[in-house]
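Whatever order the structure lists ligands and atoms in, that order sets their numbers, starting from 1.
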Amino acid sequence: MSEPTGGIRRSQFSRESILDDYRLGHLSRQASYLGRREVLTGKAKFGIFGDGKEVAQLAMARAFRPGDWRSGYYRDQTFMLAVGALTLEQYFAQLYADPDPEREPCSAGRQMNAHFATRLLDAAGEWLDLTSLPNSSSDISPTAAQMPRLVGLGYASRIFRCRPDLAHLTHLSRGGDEIAFGTIGDASCAEGLFWEAINAAAVVQAPVLLSIWDNGYGISVPIEYQLAKGSLTEVLAGFQRDKGVTNGIDLYRARGWDYPALCETYLQAAEGVRREHVPAIVHVPELTQPQGHSTSGSHERYKSKERLAWEKEYDCLVQMRAWLLAQELAGDEELRRIEEEAKEAARAAQRRAWEAFQEPLREERRRFAALARDLAATSPARERISAAVDVVERHDPVQRRQLLATAAELLVATRGESAPARDALAAWYDEQAVAGRALYSTHLHSTSSRSPLAVSAVAPVYASPPETVNGYEVLNACFDAAMARVPEFLAFGEDVGALGDVNQGFMGLQEKYGLCRVTDTGIREATIVGQAIGLALRGLRPLAEIQYLDYLLYALQILADDLATLRYRTAGGQQAPVIVRTRGHRLEGIWHSGSPLAGILGLVRGIWVCVPRDMTRAAAFYNTLLAGDDPGIVVEVLNGYRLKERLPVNIGEIRLPLGVPEVLRSGRDATVVTYGACCRIALEAAELLAEAGIDAEVIDVQTLLPFDREGVIGHSLQKTHRVLFLDEDVPGGATAYMMRQVLEEQGAFWWLDAPPRTLTGAAHRPAFGSDGDYFSKPNRETVYAAVEALVRS
Ligand SMILES: Cc1ncc(C[n+]2csc(CCOP(=O)(O)OP(=O)(O)O)c2C)c(N)n1
């Protein structure tokens with residue numbers, strides 16, 4: 001691990017720029033102090049700040065260039081300010097949860113403070129010129145969860161560099177020269193995601209520069225409880241790259257209060273990362289946390305007196321000041337003036353942010369108060385109304401929820417009164433409820449012209465006679481056509497490269513399109529998805545393969561916390577249209593035949609979930625998702641790869657709309673609603689039922705998210721009046737989800753003549769072997785029995 005001993009050369013930076021750093025360091029520190037005060041005085045709910053990390057981040061910012069990327073966490077305010085990715089007003093606007101995206105561009109009030117992001121898209125969902133901007137992917141709270149996407153943000157530069165055919169995408173990359181800066185706290189390095197990600201970055205040699213802000217604690221827990229040997233330096237040592245011999249990582253170390261060493265380290269490290277496209281880690285020990293972890297506790301409770309005294313002495317700004325004086329770069333008076341100016345500027349920014357946040361709310365309060373007073377003028381409840389308005393008018397700060405709650409109380413108190421003033425207040429209430437939903441419940445999915453919901457069907461066309469092939473060959477043709485059609489499209493995963501995936505969907509495509517487009521990865525599901533998120537954030541179109549649906553669980557946290565929330569948590573400022581390909585349902589044994597869809601459905605709102613029954617439909621969904629700008633998961637049917645299908649001559653064009661079920665068999669007596677591998681079983685059961693004189697309708701929902709946007713199932717129930725929801729998930733799993741959709745959302749309850757039923761897999765995981773499968777999953781006979789009982793009931 002290299003630790004520079006010399007200082008920055010005096011000629012390297014001008015005196016002015018060094019003093020600018022000092023000024024910004026103080027500005028940021030003051031912002032932390034003010035931020036805490038705002039929380040403690042009730043103007044903000046919670047605060048977490050970057051005090052104590054200023055100097056290291058100023059040094060890191062010196063190595064950052066427009067077009068570079070950040071994937072970090074809540075301590076990075078100084079860096080964000082220094083690279084021009086955030087203003088102080090925006091910083092405070094987020095603290096206040098200001099929902100205006102202009103004033104709070106990181107998340108429009110949706111994320112807690114210090115969860116940074118820059119806007120990558122314009123209001124129409126088009127990419128901004130990312131190469132000219134400081135780019136930050138959107139932070140999330142789970143510790144180390146910024147790491148998987150960091151791999152992809154760096155890896156994208158590698159892709160751009162090895163793909164001259166993408167050179168025309170000048171708004172996305174300058175030939176892969178951009179590097180990805182990561183940040184993480186020392187304690188978060190105990191997370192599995194950290195190790196998986198740095199190993200992946202080392203293996204793929206992603207140009208990533210990761211800083212570890214090491215203050216020796218994770219909240220109250222000291223480093224000895226977090227890491228072997230209590231030392232990051234020691235445990236990271238094995239990753240050290242041996243230049244020209246091994247891949248690995250370049251490791252650096254610079255103490256958090258040592259401004260010249262930090263500057264030199266960052267310049268050197270970033271230069272290497274950029275030039276050689278290798279990952280580097282800068283371990284920054286001896287950092288402090290002057291205000292403790294966050295506003296929810298005090299560090300005096302768990303830090304010793306000695307440690308607290310050391311933190312005062314080695315505060316990075318104190319040490320930088322001493323260095324400035326020792327170097328005679330400034331005198332005491334000049335520094336004092338800078339500190340005072342920074343204090344004033346921070347206070348002024350805070351006040352401006354507060355006023356900008358509150359003024360529209362005050363205006364809303366004036367409207368509410370005027371309407372309520374109008375009502376008081378004629379209502380017998382005038383005293384209660386006046387008292388309630390007085391309370392609202394005295395309340396500081398103004399909150400929408402208080403206005404709405406009070407209005408609701410007044411409408412209840414005046415129920416039965418018919419006065420125009422009451423109607424006006426009721427109308428205002430409705431209008432505000434709608435406005436609130438627009439502020440807080442939009443942007444879960446794309447609303448751009450490229451939303452996959454806007455993609456319409458393109459039917460398959462067959463030769464005459466049609467060519468009949470194995471299911472996997474349909475997919476192979478689809479992916480081949482997609483590679484040829486969409487230059488940004490690339491695919492990777494375990495066994496996807498040389499082998500062409502375990503079921504040959506990508507067979508021959510690495511040879512045809514090269515290593516940069518069809519690539520093997522290690523066994524690391526969370527960072528396979530993270531890699532895809534980073535690539536998609538940078539404008540590429542990744543297909544990330546998770547070998548089996550059962551192993552999606554390894555990636556489910558990143559899918560749920562990062563990918564699914566991305567568009568929502570940035571209020572449409574960022575997107576990552578990742579396609580996750582996986583295969584599941586029937587095969588053999590506990591971990592190769594799972595269908596845990598309810599778990600997935602519950603966690604990935606924000607991602608579309610396609611469950612095609614065959615490979616032609618899977619191909620059509622891949623084409624649909626590739627034409628759109630939202631992420632999606634496609635679950636192929638594991639035992640369908642060798643079933644024969646007709647190969648469409650227009651395989652590259654076929655598309656299936658999302659959320660449109662298909663009626664596979666028309667019937668009068670009962671409707672069986674299912675998907676995936678169960679479609680075949682339902683159809684076989686329908687044949688048996690027909691023998692017994694029961695005419696079953698079978699519907700394939702095709703996608704679970706979105707679900708039956710056209711009410712096809714409800715329409716069927718108007719005819720059959722009986723319904724069975726069928727799948728391989730556990731009881732109360734995805735069948736319960738489907739039942740709610742149909743009965744509650746579509747209001748189909750009213751059409752039923754018999755209680756709705758579900759038929760599912762057993763509550764346990766499916767047993768191995770054909771008999772294990774038979775008794776663990778629905779089969780033709782159990783479907784027959786369930787429908788017969790339904791019809792006879
Ligand atoms: C997965 C997860 N577990 C627990 C937490 C609660 N938590 C928030 S910050 C934190 C400590 C992180 O310490 P460190 O990584 O050293 O960063 P620091 O805050 O010291 O900069 C913990 C435990 C969380 N956010 N995510």
Side-chain angles (χ1 to χ4, degrees), residues 28-29 32 35-36 45-57 60 70-80 111-116 138-150 181-198 210-228 230-233 235-236 255-257 281-303 307-308 310-311 314-316 526-527 530 554-562 565 569 603:
S28 179
R29 178 64 62 89
S32 299
R36 185 177 178 85
K45 276 207 112 164
F46 171 79
I48 191 153
F49 307 105
D51 45 315
K53 320 285 184 291
E54 293 89 351
V55 169
Q57 292 181 23
M60 174 166 126
R70 166 187 171 278
S71 180
Y73 79 117
Y74 48 78
R75 299 287 180 213
D76 291 347
Q77 65 193 50
T78 311
F79 175 79
M80 292 295 289
Q111 287 230 68
M112 64 164 54
N113 89 305
H115 284 55
F116 305 111
S138 161
D139 298 355
I140 59 179
S141 299
T143 47
Q146 70 273 34
M147 293 295 300
R149 112 173 72 89
L150 177 65
F181 288 74
T183 67
I184 187 167
D186 54 307
S188 300
C189 297
E191 292 278 14
L193 287 178
F194 171 78
W195 297 101
E196 187 179 313
I198 63 167
L210 175 68
S211 296
I212 302 175
W213 306 142
D214 184 353
N215 67 318
Y217 291 86
I219 308 187
S220 68
V221 181
I223 194 76
E224 295 75 38
Y225 283 86
Q226 310 281 1
L227 290 169
S231 162
L232 264 165
T233 306
V235 290
L236 284 174
R255 289 175 296 190
W257 46 265
I281 293 179
V282 181
H283 174 207
V284 184
E286 300 189 28
L287 284 165
T288 70
Q289 236 168 50
Q291 301 188 115
H293 176 76
S294 71
T295 50
S296 7
S298 120
H299 60 156
E300 284 82 6
R301 281 196 297 152
Y302 54 82
K303 284 183 188 161
R307 169 76 194 190
L308 289 166
W310 178 87
E311 290 206 8
Y314 281 88
D315 182 301
C316 59
T527 48
Y554 275 65
L556 197 51
Q557 185 254 327
I558 287 300
L559 287 167
D561 284 334
D562 198 354
T565 64
R569 73 181 192 264
L603 287 167

Show the atom names and distances, to 0.1 Å, of all donor-acceptor pairs under 3.5 Å that link a side chain in residues 287-294 to residues at least two apart or in another chain.
{"unit_1": "Gln289", "atom_1": "OE1", "unit_2": "His293", "atom_2": "N", "d": "3.4"}
{"unit_1": "Gln291", "atom_1": "NE2", "unit_2": "Ser32", "atom_2": "O", "d": "3.2"}
{"unit_1": "His293", "atom_1": "ND1", "unit_2": "Arg75", "atom_2": "NH2", "d": "3.1"}
{"unit_1": "Ser294", "atom_1": "OG", "unit_2": "Ser296", "atom_2": "N", "d": "3.1"}
{"unit_1": "Ser294", "atom_1": "OG", "unit_2": "Ser296", "atom_2": "OG", "d": "3.0"}

Checklist line | Aromatic ring pairing His299/Tyr302, orientation class (parallel under 30°, perpendicular over 60°, tilted between) | finding: perpendicular
Check: When you check the gap from the basic side-chain N to the acidic O, do Arg569 and Asp561 get nearer than 4.0 Å?
Finding: no
Next item on the list: Tell me the residues surrounding ligand 1, counting only those with a heavy atom closer than 4.0 angstrom, sorted by chain and number.
Entry: Tyr73, Tyr74, Arg75, Ser141, Pro142, Thr143, Gly185, Asp186, Ala187, Ser188, Glu191, Asn215, Tyr217, Gly218, Ile219, Gln289, His293
Check: Phe49: what forms a ring-ring contact (aromatic ring centres under 6.0 Å, His included) with it, not counting sequence neighbours?
Finding: none
Notebook entry, point to check: How would you list, by chain and number, every residue that makes a side chain to side chain donor-acceptor pair (under 3.5 Å) with Thr78, sequence neighbours excluded?
Noted result: Ser28
Checklist line | Sub-4.5 Å side-chain heavy-atom contact between Trp257 and Val284 | finding: no
